[in-house]
Amino acid sequence: MQEHLLNKRNKAIGHLLFWAASILFLCFIFFIYSREFDLKTLAKAVTINAGFGIAVYFNLYILIPRFLTRKQYIYYLFWLVVLISISSLILQALIVYPLRLFLEVSEQLTSISSETHSAFFFATLFYVGITTFLKLFKDWLSLQDINYKLAKTEKEKLEAELKSLKGQLNPHFLFNSLNNIYSLALIQSEKVPDLILRLSDLMRHIIYDSKDNFIALQKEIEFVDNFIALQKIRITENTSINYTKPSSVPSAYIAPLLFEPFIDNAFKHGLPGTETDLIAISFEIEDDWLSFRLENNYSNEENTNTKNSGIGIANVKQRLEHLYKPGEYHLQIERANDKHSVLLQLKLKTNGN
């Protein structure tokens, strides 16, 4: 409320300063012409500015909102010409008849003429044009401010969604991984030290590395390596896991944690327990594009009410829309012939900004 009142006060002060400057300018012009300055000079300047003001405010508060902002340009131009013509005629009539003797105007203003009307018309048009430009410029600045605030809000929302995604990953996956590592430790498995190190790297990536909108591609692929290694602990031996990645990774950047929901879904809900259980994951890089492919089998009889997985994938889609421009990514998810497949293609970024 206070901000609104402050804006109205600043607006009123701005208008007063504008007309004060205009009156002083006309007084200066009259002084140059007549070499004298008195109350009548000031009265002439105020009267002429009053005529300009009629056209200016009628245009600002009626014509522009009713026609220009609605893109009815022909109607706007028509009524603008009518407005300026009437305003100029009224101003000329006031000076010629009731105010002529008081203002001591020149001989040119002792009667209504087309020359005088044209002069007032174009002078009024100049004022209307200047004030229209100022209003449109002010509206443009306001729009830019609104867009900035919306973009800031979207960024904050995106960061909150990313934190939510981390929260979905942390508890259950961490507890399951620790339990599985504990089971291996009981039998003194040689895999335990490596798995603990992978789990540590994975949690560091989630908590620290992924806080930025874009991170190094190498770090994200290393995260996928660790994630898959820890997921393998809880699957049966007859499950086939095919994972391929480039031998060398370029110095490029992508949004973090885009692949985890799809991989997590494949291990959680894509293994029906048959002898042909399969998960195939691959990364391919061609020019400045990264292609992520995932395929796994599933059973139609399986309960597909996977609310949490749906949230994770919806989160990925929203982040893709916010962080990448149209044409910089492609996501395709299909289910056919007991196969679930995902194709995510991303244009690689040259920096993390």
Side-chain angles (χ1 to χ4, degrees), residues 3-142:
E3 183 179 356
H4 177 68
L5 293 175
L6 182 62
N7 290 336
K8 288 186 68 175
R9 187 183 68 177
N10 292 339
K11 183 178 179 180
I13 292 174
H15 283 231
L16 289 174
L17 290 176
F18 174 84
W19 291 114
S22 177
I23 291 171
L24 290 175
F25 175 74
L26 283 182
C27 288
F28 177 73
I29 297 297
F30 293 149
F31 175 78
I32 295 247
Y33 180 77
S34 62
R35 291 296 175 182
E36 61 180 19
F37 180 81
D38 53 18
L39 184 60
K40 293 180 180 179
T41 303
L42 180 61
K44 282 192 289 186
V46 172
T47 301
I48 293 174
N49 273 279
F52 294 156
I54 294 173
V56 165
Y57 288 109
F58 198 93
N59 173 62
L60 290 179
Y61 294 107
I62 296 179
L63 295 189
I64 290 180
R66 183 167 295 182
F67 299 113
L68 189 59
T69 56
R70 298 178 183 179
K71 299 183 180 180
Q72 298 177 0
Y73 303 121
I74 295 178
Y75 288 107
Y76 174 73
L77 290 175
F78 171 77
W79 286 110
L80 183 63
V81 171
V82 171
L83 168 67
I84 295 176
S85 298
I86 295 175
S87 173
S88 302
L89 188 61
I90 292 174
L91 178 59
Q92 188 179 187
L94 284 173
I95 294 176
V96 168
Y97 294 110
L99 302 177
R100 180 179 62 183
L101 296 177
F102 173 74
L103 297 178
E104 295 183 357
V105 297
S106 62
E107 294 182 359
Q108 294 177 336
L109 296 177
T110 56
S111 63
I112 294 177
S113 65
S114 59
E115 291 82 3
T116 305
H117 179 76
S118 296
F120 280 126
F121 180 91
F122 287 107
T124 305
L125 178 62
F126 174 77
Y127 272 76
V128 169
I130 289 292
T131 52
T132 299
F133 170 78
L134 292 175
K135 175 177 174 53
L136 294 179
F137 183 69
K138 176 179 173 293
D139 290 346
W140 180 80
L141 289 179
S142 299

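Since the model is a prediction, treat every value here as computed from it, not as a measurement.
- Of the candidates Phe52, Phe25, Phe121, Tyr127 forms a ring-ring contact (aromatic ring centres under 6.0 Å, His included) with just one, namely Phe52.
- Within the structure, no pair that satisfies the salt bridge (charged side-chain N to carboxylate O under 4.0 Å, His left out) test touches residues 68-84, not counting sequence neighbours.
- Taking a 6.0 Å sphere around CZ of Phe18, one finds it holds more than 12 heavy atoms contributed by other residues, nucleotides or ligands.
- For Phe137, the side-chain contact (heavy atoms from CB on, under 4.5 Å) criterion is met by Trp140, Leu141, not counting sequence neighbours.
- For residues 51-68, there are no salt bridge (charged side-chain N to carboxylate O under 4.0 Å, His left out) pairs, not counting sequence neighbours.
- Evaluation of the side-chain contact (heavy atoms from CB on, under 4.5 Å) rule for Leu136 yields Leu68, Thr132 as partners, not counting sequence neighbours.
- How far CG of Leu42 is from OG1 of Thr47: 9.0 Å, rounded to the nearest 0.5 Å.
- Applying the side-chain contact (heavy atoms from CB on, under 4.5 Å) rule to Tyr57 yields the partners His15, Trp19, Leu60, Tyr61; only residues at least two apart in sequence or on another chain are considered.
- Applying the salt bridge (charged side-chain N to carboxylate O under 4.0 Å, His left out) test to every pair with at least one member in residues 126-135, sequence neighbours left out, gives these pairs: Lys135-Asp139.
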For residues 74-87, run the donor-acceptor check on the side chains, cut-off 3.5 Å, and write out each pair with its distance to 0.1 Å, sequence neighbours left out.
{"residue": "Tyr76", "atom": "OH", "partner": "Asn59", "partner atom": "OD1", "Å": "2.8"}
{"residue": "Ser85", "atom": "OG", "partner": "Val81", "partner atom": "O", "Å": "2.8"}
{"residue": "Ser87", "atom": "OG", "partner": "Gly51", "partner atom": "O", "Å": "3.0"}

